[in-house]
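In what follows, chains are A, B, ... by sequence order, proteins preceding strands, each numbered from 1.
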There are 2 protein chains.
Amino acid sequence: MAGIKDVARVAGVSAATVSRALSGNGSVSTSARERVTRAARDLGFVLSYPASALASGRSRNIGVVLPFISRWYFSTVLEGIASALTEAGYDLTLYNFQKDKFREKVLTDFLQRNRTDGLIAVALQLDDQEIGQLRASGLPTVGVGGPLQGIPTIRIDDRAVSRQATDHLIGLGHTRISHIGGENEEGHSFPISLGRRAGYTSAMQAASLPVLPAWSIISDYTTSDAYRQAKQLLADPVQRPTAFFCASDEMAMGAMMAARDLGLRVPDDLSVIGIDGHETGDILGLTTLDQSARQQGVRAVHRLLGQLGPTPADVGPADEILPARFLLRTSTAAPRRDQTVTAPPSSTVQVGL
Amino acid sequence: MAGIKDVARVAGVSAATVSRALSGNGSVSTSARERVTRAARDLGFVLSYPASALASGRSRNIGVVLPFISRWYFSTVLEGIASALTEAGYDLTLYNFQKDKFREKVLTDFLQRNRTDGLIAVALQLDDQEIGQLRASGLPTVGVGGPLQGIPTIRIDDRAVSRQATDHLIGLGHTRISHIGGENEEGHSFPISLGRRAGYTSAMQAASLPVLPAWSIISDYTTSDAYRQAKQLLADPVQRPTAFFCASDEMAMGAMMAARDLGLRVPDDLSVIGIDGHETGDILGLTTLDQSARQQGVRAVHRLLGQLGPTPADVGPADEILPARFLLRTSTAAPRRDQTVTAPPSSTVQVGL
DNA sequence: CTGAAAGCGCTAACAA
DNA sequence: TTGTTAGCGCTTTCAG
């Protein structure tokens, strides 16, 4: 393995100049740069990361913390982050909570080892103490999806987007609308789920529409759970809604499959709208609000890298709210007449959040 | 930021002992270990990774190279890898080709910076020169999914599993079976796709069944592309198959949706079988061969870490073939009589691989 | 623009 | 078991 000195010798310069030429820091004459570059290529030399990191204090490595990998939103955001980081010449170290299994370990051990120059937290639900641990790492941090106390976050306005989705259904004439979303998880507030549910509730209230308790469904964001729960509700002739607003496309697809398996047609018998912009929604005709997940990841990287430069750019904790794009496809339509006129059952009650 | 010397002073020992106590290498008396641990905790001290890596030559970091993240197989394998690495106290650095966009950059730059102790290559399709670059990194490497010249790989037997899937359809009485799979990509052999197609072809040949050219479909592994291609084929009354064997569950689901949109029922009018074990396949009733993707990732980590210890375990390049579990659900059944008796069109030809 | 020299914070002999 | 002593391979003042 050739070292920096070998390159220096071959190029006829000092190790310092090799460092400057190869790292891009400091000024080097064009001719010296060329000789160094060629010598490095010939010798198959690449700067050692640990050594550079130790000497300079910067590692050109960003940590990404997330609770899941294989769900659509997370893997899509991750792809955006990975792409932007590679382009910028940064490495990406992945920290996965695996739901909660490694939550503690990641927060206390891994993040403190200053292996990274900064952190991106994707849809993390942290309590105050955990946010404290995160900040104790002293690393510049940017969040993606869902507000994080005191940390600038790239996200959509969950409440407004959800309200828009629900209003779309209401505008079509639906009055019996159910919401499938997430919940406030044990001890950890989950602002994304809460915000989306709040958007649904506020839209229903604004339209003076009742919300049956059975219509406010708590799921785990998987297609299969949404399928099961939607099926159960749809099978009940008394409580059956004419439309679903789902907090994710994966759940919306589950609801569509449930309807089909019950012999209900979408959108004739049931309208479904989601949030995400999942590619597969296209062929199912799923109407949705595209939150450009990949772009959220890209933006987070740019924002974070902007803070790392010699002139730290925007440092404020202000959140950056990305717009969601309404994709009207074929899963939503006006309810059938005989459904609309059906008065809500007398047991109807208003349910607040 | 407290340094190792501060801890040493507080604990009343030397820096070397602090290092030994905290890293777990070398022997330390119980009392010294306790004092060091407490002092470190009190001072909020954690060993610096770059410094440790530089001094010891080991980084406790594994690189994972993959061409995609957001597809089911890749994100699931990645989750298995991440889980096993976290458990072992290793970090995970992600290198994503993004199909081909960063292929060159990752191979030539990123991997050579010896930031990692080893590499896991997931379903990579590399030509000889690229494999050379990979090995030039000098890092212990393990592959996952699809053979890699000279690199021990954890995988299923693509050909055998595909043959089993096809034989299942043949056993049910199907004679008009189409395969949706991948291809040999520009310059890069793609052993996974080739192996699966070979399994299909050999099963058909063994049963003396013809394979129409239109039945051998090349897709990009996405649900939507498989949907479009399956729909087109199914819409052709002359060439329409009675069954699909798909190289992935995501494509199989696309085929099922295509059938439904054409008014065909699964399995009455069309049987579909996939490979993967995708969770969503469950609610669709998709018959498949579960390749336990997550487990492949876990195994790869154990195998790789086994090579890193002081006593390198099994070093041989022998591949480790994992079994696939046959999940019989409701998407496959015997073809309807009137379909079976239809003789293949006279234009039928045998297509070899 | 370039070189010399002094570390960055830890680990690994080697001795004790 | 523990301390001492050299570095690991770069980066970065500081001069020139």
Over how many whole Å does the gap from B:Arg58 atom CZ to C:dC10 atom P extend?
->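 So the CZ-P distance, B:Arg58 to C:dC10, works out to 16 Å.
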
Could you state the CG-P distance from B:Asn25 to C:dA13, rounded to the nearest angstrom?
->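 To the nearest whole Å, that distance equals 11 Å.
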
Which nucleotide in the list C:dT2, C:dG9, D:dG3 gets nearest to the side chain of B:Ser14?
->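 It is D:dG3.
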
Round to the nearest Å and state the distance from B:Leu22 atom CG to D:dT2 atom C1'.
->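 Value for this atom pair: 16 Å.
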
Six-ring centre of B:Tyr73, B:Arg71 cation under 6.0 angstrom, axis tolerance 45° =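 No.
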
How many Å lie between NZ on B:Lys5 and P on C:dG9, as a whole number?
->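 Roughly 10 Å, once rounded to whole Å.
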
Salt bridge or not for A:Glu130 and A:Arg103, using N-O below 4.0 Å?
->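 Counted as a salt bridge, because a side-chain N and a carboxylate O are separated by less than 4.0 Å.
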
When all nucleic acid strands are considered with a 4.0 Å heavy-atom cut-off, which category describes B:Ala53: base, sugar-phosphate, or nothing?
->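 Result for B:Ala53 = nothing.
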
Interatomic distance, B:Leu47 CG vs C:dT11 C1' [rounded to whole Å] |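 Result: 10 Å.
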
Shortest side-chain distance from A:Ser27, nucleotide among C:dG9, C:dC1, D:dT2 =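 The closest nucleotide is C:dC1.
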
At under 4.0 Å between heavy atoms, what does A:Phe45 touch on the DNA or RNA strands: base, sugar-phosphate, or nothing?
->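 A:Phe45: backbone/sugar contact only, no base atoms under 4.0 Å.
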
Which whole-number value in Å describes the distance from A:Tyr49 OH to D:dT11 P?
->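 Atom OH in A:Tyr49 sits about 10 Å away from atom P in D:dT11.
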
Contact nearer the 5' end of DNA chain D, comparing A:Ala16 with B:Ser56 =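 Counting from the 5' end, the first nearest nucleotide belongs to B:Ser56.
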
So what does B:Val18 touch, heavy atoms closer than 4.0 Å: a base, only the sugar-phosphate, or nothing?
->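 No contact at all - B:Val18 keeps every heavy atom at 4.0 Å or more from the nucleic acid.
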
Nearest to the side chain of A:Ala32, which nucleotide is it out of D:dG9, D:dT12, C:dT2?
->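 Closest nucleotide to the A:Ala32 side chain: C:dT2.
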
Find which nucleotide of DNA chain D each of B:Ala55 and B:Ala15 is nearest to by heavy atoms, and output the residue with the more 5' nucleotide.
->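 The 5'-side residue here is B:Ala15.
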
Options C:dC1, D:dC8, C:dC10, nucleotide nearest the side-chain atoms of B:Leu54 =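 Closest nucleotide to the B:Leu54 side chain: D:dC8.
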
Tell me which nucleotide among D:dG3, D:dG9, C:dT2 gets nearest to the side chain of A:Thr17.
->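 The answer is C:dT2.
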
Could you state the atom-to-atom distance from CZ of B:Arg20 to C1' of C:dT11 in whole Å?
->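 About 9 Å, once rounded to whole Å.
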
Is the closest basic N to carboxylate O distance between A:Arg60 and A:Asp117 below 4.0 Å?
->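 No.
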
Using a cut-off of strictly less than 4.0 Å, decide whether B:Ser29 has a side-chain nitrogen or oxygen near OP1 or OP2 of D:dT1.
->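 Answer no for this pair, as no side-chain N or O of B:Ser29 is under 4.0 Å from OP1 or OP2.
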
In terms of side-chain geometry, is the basic nitrogen of A:Asp91 or B:Arg115 positioned less than 4.0 Å from the acidic oxygen of its partner?
->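 Salt bridge flag = yes for B:Arg115 with A:Asp91.
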
Kindly check if the number of other-residue, nucleotide or ligand heavy atoms within 6.0 Å of CD (A:Gln149) is above 12?
->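 Atom CD in A:Gln149 is not crowded, with 12 or fewer foreign heavy atoms closer than 6.0 Å.
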
Atom-pair distance (CD1 on B:Ile4; P on C:dA12), nearest Å |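 From B:Ile4 CD1 to C:dA12 P: 11 Å.
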
